[in-house]
Protein chains: 2
Amino acid sequence: MKNRNRDPDCPVRTVLDRIGDKWAVLVITTLGEEGTMRFNHLYETIGDISQKMLTVTLKKLQEDGLVSRKMYQEIPPRVEYTLTDTGVTLVPLLNALAEWANANMKGIKKSRSVYAEVN
Amino acid sequence: MKNRNRDPDCPVRTVLDRIGDKWAVLVITTLGEEGTMRFNHLYETIGDISQKMLTVTLKKLQEDGLVSRKMYQEIPPRVEYTLTDTGVTLVPLLNALAEWANANMKGIKKSRSVYAEVN
DNA sequence: CTGTATCCTAACGGATACTG
DNA sequence: CAGTATCCGTTAGGATACAG
């Protein structure tokens with residue numbers, strides 16, 4: 001495998017700086033579940049994201065070509081976001097992580113409380 | 001699937017707050033490749049992590065029960081870190097992400113440059 | 001409805017020096 | 001060798017107000 005040390009172009013880091021972002025993961029998995037969504041729908045579905053972070057995250061994902069944006073010339077405005085083909089390929093990986101989280105959260109929480117008692 | 005909205009105990013968020021951390025991912029995948037490693041070995045292999053962040057990250061991973069720490073009473077001191085069984089189960093998922101990154105980095109970089117030109 | 005623009009605070013995390 | 005302690009600049013990101 002390619003040596004990752006001190007390599008600014010390391011793919012792992014390139015992608016981690018993006019999908020390592022909690023909001024990006026949430027947006028991608030949500031779009032993966034619901035398909036095309038409007039801005040407000042995403043905003044309400046994710047729930048605890050701020051408007052600002054949703055905007056920023058969507059822009060970054062568009063920039064990376066993972067999400068596409070379609071704007072309708074209507075009043076009031078309507079904007080729809082959809083995963084691109086590339087974006088879709090990321091969904092199963094993130095879902096696998098989500099499943100891992102579900103399967104292991106209990107153990108992790110227990111470990112944390114044990115650790116807290118000892119220290 | 002469990003509704004993730006406004007749920008502070010959401011497993012996905014619990015895990016994302018940890019593996020969403022770039023340093024944690026790097027430590028886990030590195031230990032996954034190399035097996036047991038000493039502090040300095042990890043420090044040098046990862047390369048651009050600071051001593052402080054390595055210490056902090058290892059502590060958090062121990063707290064979650066993903067990494068175990070073994071200290072030898074020697075002079076100079078020797079400390080070895082190893083993935084726990086739980087930690088090991090996370091490795092293939094992270095490696096899958098790394099492979100995804102390798103496969104898609106080119107397209108992502110291209111998308112970014114196109115985006116940069118237009119805007 | 002779908003954003004943009006500021007302000008502002010907590011935290012992240014690097015650099016450095018010190019310790020057992 | 002394997003950390004700890006401290007300082008300190010940068011940034012993430014929430015709150016709020018405003019705009020097209």
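Side chains are part of it too, since the values below use all heavy atoms of this structure and drop only hydrogens, waters and symmetry mates. Throughout, a chain's letter reflects where its sequence line sits, starting with A, and its residues are numbered from 1.
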Could you state the [atom1]-[atom2] distance from [X] to [N], rounded to the nearest angstrom?
X: A:L54; N: D:dG14; atom1: CG; atom2: P; value: 11 Å
X: A:I46; N: C:dT2; atom1: CD1; atom2: P; value: 14 Å
X: B:M37; N: D:dC1; atom1: CE; atom2: C1'; value: 15 Å
X: B:L58; N: D:dT4; atom1: CG; atom2: C1'; value: 14 Å
X: B:Q73; N: D:dC1; atom1: CD; atom2: P; value: 17 Å
X: B:H41; N: D:dC1; atom1: NE2; atom2: P; value: 13 Å
X: B:F39; N: D:dG3; atom1: CZ; atom2: P; value: 6 Å
X: B:E74; N: C:dG20; atom1: CD; atom2: C1'; value: 15 Å

[X] has a side chain; which of [options] sits nearest to it?
X: B:P77; options: C:dG20, D:dT6, D:dG14; answer: C:dG20
X: A:M53; options: D:dA2, D:dG20, D:dG14; answer: D:dG14
X: B:N40; options: C:dG13, D:dC1, D:dG14; answer: D:dC1
X: B:P76; options: D:dC1, D:dC7, D:dG14; answer: D:dC1
X: A:W23; options: C:dT2, D:dT6, D:dG14; answer: D:dG14

### Lys/Arg-Asp/Glu bridge criterion (N-O < 4.0 Å) met for B:K60, B:D21
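The answer is yes: the pair qualifies as a salt bridge.
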
Exercise: identify the closest heavy-atom pair between [X] and [Y]:
X: A:Y43; Y: A:Q51; answer: CE1-N, 3.4 Å
X: B:E63; Y: A:S111; answer: O-OG, 2.8 Å
X: A:V27; Y: A:L54; answer: CG2-CD1, 3.9 Å

### Query
Side chains of B:L31 and B:M37: does their closest heavy-atom pair fall under 4.5 Å?
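In contact.
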
### Task
Pick base, sugar-phosphate or nothing for A:Q51, based on heavy-atom distances below 4.0 Å to the nucleic acid.
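If one applies the 4.0 Å heavy-atom cut-off, A:Q51 turns out to touch a base.
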
### Task
Report which part of the nucleic acid B:K59 touches: base, sugar-phosphate, or nothing (heavy-atom distance under 4.0 Å, all strands).
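Answer is sugar-phosphate: B:K59 comes under 4.0 Å of backbone atoms only.
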
### Query
Are a donor atom and an acceptor atom from the side chains of B:T45 and B:T30 found within less than 3.5 Å of each other?
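There is no such pair between these side chains.
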
#### Entry: Donor-acceptor pair between A:S68 and A:T84 side chains, under 3.5 angstrom
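A:S68 vs A:T84: no donor-acceptor pair found between side chains.
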
### Query
Is B:R38 near enough to D:dA2 that one of its side-chain N or O atoms lies under 4.0 angstrom from OP1 or OP2?
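True: B:R38 side-chain N/O within range (under 4.0 Å) of D:dA2 OP1/OP2.
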
### Message
On the nucleotide C:dG3, are OP1 or OP2 found under 4.0 Å from the side-chain N or O atoms that A:R78 carries?
### Response
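Indeed not, no polar side-chain atom of A:R78 lies that close.
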
### Task
Quantify the bending of the helix from C:dC1-D:dG20 to C:dG20-D:dC1 as the angle between its end axes, each fitted on five pairs, to 10°.
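Roughly 50°, once rounded to the nearest ten degrees.
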
### Task
Quick one: do B:I49 and B:L42 satisfy side chain to side chain contact (heavy atoms under 4.5 Å, CB included)? Show the steps, please.
CA-CA 9 Å; B:I49 193 173; B:L42 263 171; over 6 Å; no

### Task
Please figure out whether A:Y81 or B:D21 has its closest DNA chain C nucleotide nearer the 5' end.
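It is A:Y81 whose nearest nucleotide is closer to the 5' end.
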
